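Worksheet: the structure to be examined is printed underneath.
All values derive from a computational prediction rather than experimental measurement.
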Amino acid sequence: MISLEQVQLLEVRVAKAIDYVERLTEENAVLNSEKAGLQAKLDKNQKRLDELEVLVMSFKEDQGRIEDGIIAALDRLSQFEEAFENSLKDKKPEKKPAVKKEKPSEDDEQECFEINESEKESDSSPADGELDIF
């Protein structure tokens with residue numbers, strides 16, 4: 001037969017089990033609440049991460065375009081420099097051998113230099129003082 005002591009011991013163990021289950025239920029509710037908060041924070045951070053990835057991709061594309069533009073400008077500048085150097089080489093005055101005259105004539109003493117109007121216009125720069133290089 002069951003004694004009174006055994007029944008009291010059973011009641012104590014059941015009370016302890018009930019307290020333990022209640023504590024675990026409360027702890028579970030707190031953990032679920034924390035989980036929901038962390039999930040919301042994770043979603044927010046993931047959204048921000050996606051936005052930043054889009055910005056990084058846009059930045060990389062812009063950086064590539066900038067680099068391409070700089071390279072193209074440098075190429076055009078190199079072509080301009082080469083063309084300018086070639087035009088200077090082509091326009092170098094040819095040296096003529098010096099001819100010595102024994103006696104200057106009257107025409108030589110009164111010799112003056114005149115600028116041809118067509119040469120004057122071709123040698124002058126634009127009125128605004130800027131060069132058109134392109």
Side-chain angles (χ1 to χ4, degrees):
M1 188 136 201
I2 299 176
S3 69
L4 183 59
E5 285 181 19
Q6 289 175 335
V7 172
Q8 288 175 345
L9 187 58
L10 181 60
E11 283 181 13
V12 169
R13 285 188 178 180
V14 168
K16 283 183 181 180
I18 290 172
D19 286 341
Y20 186 67
V21 169
E22 286 175 354
R23 259 189 303 142
L24 289 178
T25 303
E26 289 172 8
E27 188 178 325
N28 194 17
V30 169
L31 291 175
N32 282 334
S33 174
E34 286 180 14
K35 178 184 173 188
L38 291 174
Q39 187 65 43
K41 199 173 187 180
L42 176 64
D43 292 341
K44 179 181 173 185
N45 287 338
Q46 186 64 43
K47 183 179 177 183
R48 181 67 178 147
L49 180 63
D50 292 341
E51 291 172 358
L52 291 175
E53 285 176 349
V54 168
L55 288 174
V56 166
M57 293 302 296
S58 174
F59 176 76
K60 285 182 179 180
E61 289 174 4
D62 290 346
Q63 189 70 23
R65 283 190 221 127
I66 291 169
E67 289 175 7
D68 291 343
I70 289 172
I71 290 169
L74 289 173
D75 288 343
R76 288 173 61 190
L77 183 59
S78 294
Q79 291 172 357
F80 173 74
E81 288 174 343
E82 289 172 8
F84 184 73
E85 288 174 2
N86 289 339
S87 69
L88 287 179
K89 288 178 184 177
D90 293 343
K91 289 184 180 180
K92 278 190 178 177
E94 295 179 16
K95 293 184 180 179
K96 295 182 181 178
V99 178
K100 211 174 195 184
K101 293 184 181 179
E102 291 183 19
K103 187 175 183 186
S105 67
E106 289 181 23
D107 292 337
D108 289 340
E109 290 177 11
Q110 295 179 2
E111 183 177 329
C112 65
F113 295 98
E114 292 183 17
I115 298 175
N116 190 351
E117 288 300 317
S118 63
E119 290 177 7
K120 192 178 196 181
E121 291 174 7
S122 65
D123 288 343
S124 66
S125 61
D128 59 1
E130 294 181 8
L131 294 177
D132 186 17
I133 60 174
F134 298 113

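- One distance of note links NZ of Lys41 with CD of Glu34; it measures 11.5 Å at 0.5 Å rounding.
- Separation of atoms CZ (Phe80) and CD (Glu85) is listed at 10.5 Å; rounding is to 0.5 Å.
- Cluster membership for Leu74 and Ile66, using ILVMFWY side-chain heavy atoms within less than 4.5 angstrom, is shared.
- At distances below 3.5 Å, at least one donor-acceptor pair connects side-chain atoms of Asn86 with backbone N or O atoms of Glu82.
- With respect to the salt-bridge test (charged N to carboxylate O, under 4.0 angstrom), the residues Glu51 and Arg48 qualify.
- Under a cut-off of 6.0 angstrom, the local environment of CG in Leu24 is crowded, with over 12 non-hydrogen atoms contributed by other residues, nucleotides or ligands.
- Interatomic distance, Glu27 CD to Asn32 CG, rounded to the nearest 0.5 Å: 11.0 Å.
- Exactly one residue among Val12, Val14, Ile18, Asp19 makes a side chain to side chain contact (heavy atoms under 4.5 Å, CB included) with Lys16. That residue is Val12.
- You'll find the side chain of Leu9 stays beyond 4.5 Å of the side chain of Glu5, heavy atoms only.
- Identified under the side-chain hydrogen bond (donor to acceptor under 3.5 Å, both in side chains) test for residues 54-64, with sequence neighbours left out: Asp62-Arg65.
- Taking the side-chain contact (heavy atoms from CB on, under 4.5 Å) definition, one finds that Glu81 meets it with Leu77, sequence neighbours left out.
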Side chain to side chain contact (heavy atoms under 4.5 Å, CB included) between Leu38 and Lys35, intermediate numbers included: CA-CA 5 Å; Leu38 291 174; Lys35 178 184 173 188; 5.8 Å; no
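- One distance of note links CG of Asp75 with CD1 of Ile70; it measures 12.0 Å at 0.5 Å rounding.
- Distance alone, capped at 3.5 Å, is enough to place a donor-acceptor pair between the Thr25 side chain and the Val21 backbone.
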